[in-house]
Number of protein chains: 2
Amino acid sequence: MARKTKADKEKTYQALIEAAAELFRSQGFTATTLNEIAERAGVTRGAFYGHFSSKSEVIQAIWEEQALPFFEPIKDTLLNLPQDKPAEAFRQQINSLLELFEDNNIVGRAFFIIMHNMEISDKDKELVEFLSDKYKLYEQVLCCAYKKLGEAGNLKQGVNPDHAAMGFLYILIGMINMALLPFGDFDYERDGYPVFEHYLNSVLMD
Amino acid sequence: MARKTKADKEKTYQALIEAAAELFRSQGFTATTLNEIAERAGVTRGAFYGHFSSKSEVIQAIWEEQALPFFEPIKDTLLNLPQDKPAEAFRQQINSLLELFEDNNIVGRAFFIIMHNMEISDKDKELVEFLSDKYKLYEQVLCCAYKKLGEAGNLKQGVNPDHAAMGFLYILIGMINMALLPFGDFDYERDGYPVFEHYLNSVLMD
DNA sequence: CAGTAAACATACATACGTGTATGAATAAAT
DNA sequence: ATTTATTCATACACGTATGTATGTTTACTG
């Protein structure tokens, strides 16, 4: 095939990323073949190998280029909650996070892929390490945020910050799981927000 | 190879189920090959095809023969919570459920596999339907139980039964996810119970 | 105590996924 | 304008997973 312009190359790159993310989400990482990715992107495997050297490399690209730019600011805010009214800032960031999932499909998919990394465990050690690092990062960020909330006296009495953080993470994982299921009709407004609202109300002082 | 006794046949059957469940959990359904299952069970693929006609059939067997007998009584109790002190009965069943995960590995694995069914979606329609049915069943059982709790006046004021049920399911999924991750060291006593305890306390009247 | 059928191993045919090597056509460089 | 380099398709080689056909031994059956 003929050579394309640089802009065209970028387009195929994005198409490959998009296709891979959607296929990983809907069929899982292992079940998705390079042929399927290429076909969905409107190219062949030849194009794929021009951009990536393996399937694992795509996940890392999805994370770093698509999800990270959205997550980074939220993460930073959570790690540095203000001394005054940290609960308010916390709620705000959580809402940003949920809106992210609602609006930007690729971020939800990336998060989902990370959360379901065990699917590919054992067979690709390096990738598992990459994914588990991300997982642990989420945990740390949440624990840190809740610790701050506790220090600022914004947690209800008897609420253990670590337990609260874990509970939050569980709910987050469960909700994303639900939201991206191939069947069912998940609706954030109806099935997502109220649950978080209730959980935050049960944990935070106002 | 020589013919075995009926008891021996049953042993290989169980060995295949056990092997498959553990491999599905640790590597995922798609990534697990029939050779791996057979090898882990100490037989060859010839034996596998004597008992099952495909990989999908194994999941259904795992569910129906291994997990269902444990779940059924809990499910029935949740669907028929007593009029007086339903909250107490509910707590008790949830504890039974969690103990099940803690003690009986195959139940946890079965639950996990069901919860992560999207991994195999799209490619095996029939299996996806089977799995999604189970998923929806969980949801219904929980919603029914919380509805009963609400009617009996056992939910705290302002708690929507459906939202509470969803939140519970999210936490359950998230916890199982966490518990069966290949990395990390999940401990039910430390990471499971307290979260449920807190959640139930925030939802139920005592 | 034959004869049969069952339980499982072995071997084979087929399909498919991956990765690489090659080639064509044209954008970019000089 | 010519050359070079690049983007991607095509073709090939290899490994591996599946499913089936066949064979072997022995438990079961009458």
Side-chain angles (χ1 to χ4, degrees), chain A residues 1-24 26-61 65 119-128, chain B residues 1-20 22-24 26-61 65 119-127:
Chain A
M1 198 196 191
R3 181 181 180 179
K4 304 281 186 67
T5 66
K6 289 218 163 181
D8 281 337
K9 182 185 180 182
E10 183 60 21
K11 269 191 185 177
T12 51
Y13 179 83
Q14 288 300 332
L16 285 166
I17 292 250
E18 270 282 340
E22 175 49 29
L23 288 169
F24 290 165
S26 66
Q27 333 179 340
F29 179 82
T30 319
T32 301
T33 70
L34 300 187
N35 266 324
E36 288 174 316
I37 297 174
E39 192 181 2
R40 185 174 237 269
V43 291
T44 67
R45 259 182 29 258
F48 180 92
Y49 281 108
H51 291 273
F52 307 97
S53 64
S54 75
K55 219 169 31 164
S56 314
E57 223 179 87
V58 185
I59 282 202
Q60 309 198 17
E65 297 173 24
E119 171 201 345
I120 40 175
S121 67
D122 293 13
K123 298 219 168 167
D124 186 336
K125 294 282 182 197
E126 197 188 337
L127 181 55
V128 170
Chain B
M1 199 196 189
R3 181 180 180 180
K4 303 281 187 66
T5 66
K6 288 216 162 179
D8 280 339
K9 184 186 179 181
E10 183 60 23
K11 269 191 184 176
T12 48
Y13 179 82
Q14 288 299 333
L16 284 167
I17 292 251
E18 270 282 339
E22 174 50 29
L23 289 168
F24 289 165
S26 66
Q27 332 180 340
F29 179 82
T30 319
T32 300
T33 69
L34 300 187
N35 267 324
E36 287 174 316
I37 296 175
E39 192 181 4
R40 185 174 237 268
V43 291
T44 67
R45 258 181 32 258
F48 180 91
Y49 280 108
H51 291 272
F52 307 96
S53 65
S54 74
K55 223 172 25 167
S56 314
E57 223 179 86
V58 186
I59 282 202
Q60 309 198 17
E65 297 172 26
E119 171 202 343
I120 40 176
S121 67
D122 291 14
K123 297 219 170 167
D124 185 337
K125 294 282 182 197
E126 197 188 336
L127 182 55

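Just so we're on the same page: letters track the sequence lines, and every chain starts at 1.
If you take CD of Glu10(A) and P of dT7(D), they are 11 Å apart, rounded to a whole angstrom. Nucleotide dA17(D) holds its P atom 12 Å from the CD1 atom of Ile37(B), rounded to whole Å. Regarding Phe52(B), its CZ atom lies at a distance of 14 Å from the C1' atom of dC8(C), rounded to whole Å. Taking atom CZ of residue Phe48(A) and atom C1' of nucleotide dG19(C), one finds them 11 Å apart after rounding to whole Å. Across the protein-nucleic acid pair, Glu39(A) atom CD and dG17(C) atom P stand 11 Å apart, rounded to whole Å.
Annotation: proximity of residues 11-22 of chain A to DNA chain D (heavy atom, distance under 4.0 Å) is found for Thr12(A), numbered in ascending order.
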Margin query: For nucleotides 19-27 of chain D, give me one character per nucleotide, 5' to 3': B if any protein heavy atom sits under 4.0 Å from the base, S if the only such contacts are to the sugar-phosphate, - if neither.
Written below: BB--BBBBB
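The shortest distance between the side-chain N/O atoms of His51(A) and the OP1/OP2 oxygens of dT7(D) is not below 4.0 Å.
In this structure, Ile59(A) CD1 and Phe29(A) CZ are separated by 4.5 Å, a value rounded to the nearest 0.5 Å. In this structure, CD on Glu36(A) lies 4.5 Å from CD on Gln27(A), to the nearest 0.5 angstrom.
Judged as a side chain to side chain contact (heavy atoms under 4.5 Å, CB included), and not counting sequence neighbours, the contacts of Ala15(A) are Ala41(A). In this structure, Ser54(B) has no side-chain hydrogen bond (donor to acceptor under 3.5 Å, both in side chains) partners at least two apart in sequence or on a different chain. Evaluation of the side chain to side chain contact (heavy atoms under 4.5 Å, CB included) rule for Lys9(A) yields His51(A) as partners, not counting sequence neighbours. Looking at residues two or more places apart in sequence or on another chain, you find a side chain to side chain contact (heavy atoms under 4.5 Å, CB included) between Thr5(A) and Ala7(A), Asp8(A). For Glu39(B), there are no side-chain hydrogen bond (donor to acceptor under 3.5 Å, both in side chains) partners two or more places apart in sequence or in a different chain. For Glu22(A), the salt bridge (Lys or Arg N to Asp or Glu O under 4.0 Å) partners two or more places apart in sequence, or in a different chain, are Arg25(A), Arg109(A). Taking Glu65(B) as the reference, Tyr13(B) meet the side-chain hydrogen bond (donor to acceptor under 3.5 Å, both in side chains) condition, with sequence neighbours excluded.
Across all strands shown, Thr33(A) has heavy atoms under 4.0 Å from sugar-phosphate atoms exclusively, and none from any base.
Of the two residues near DNA chain D, Ala7(B) and Asp8(A), the one whose nearest nucleotide lies more 5' is Asp8(A).
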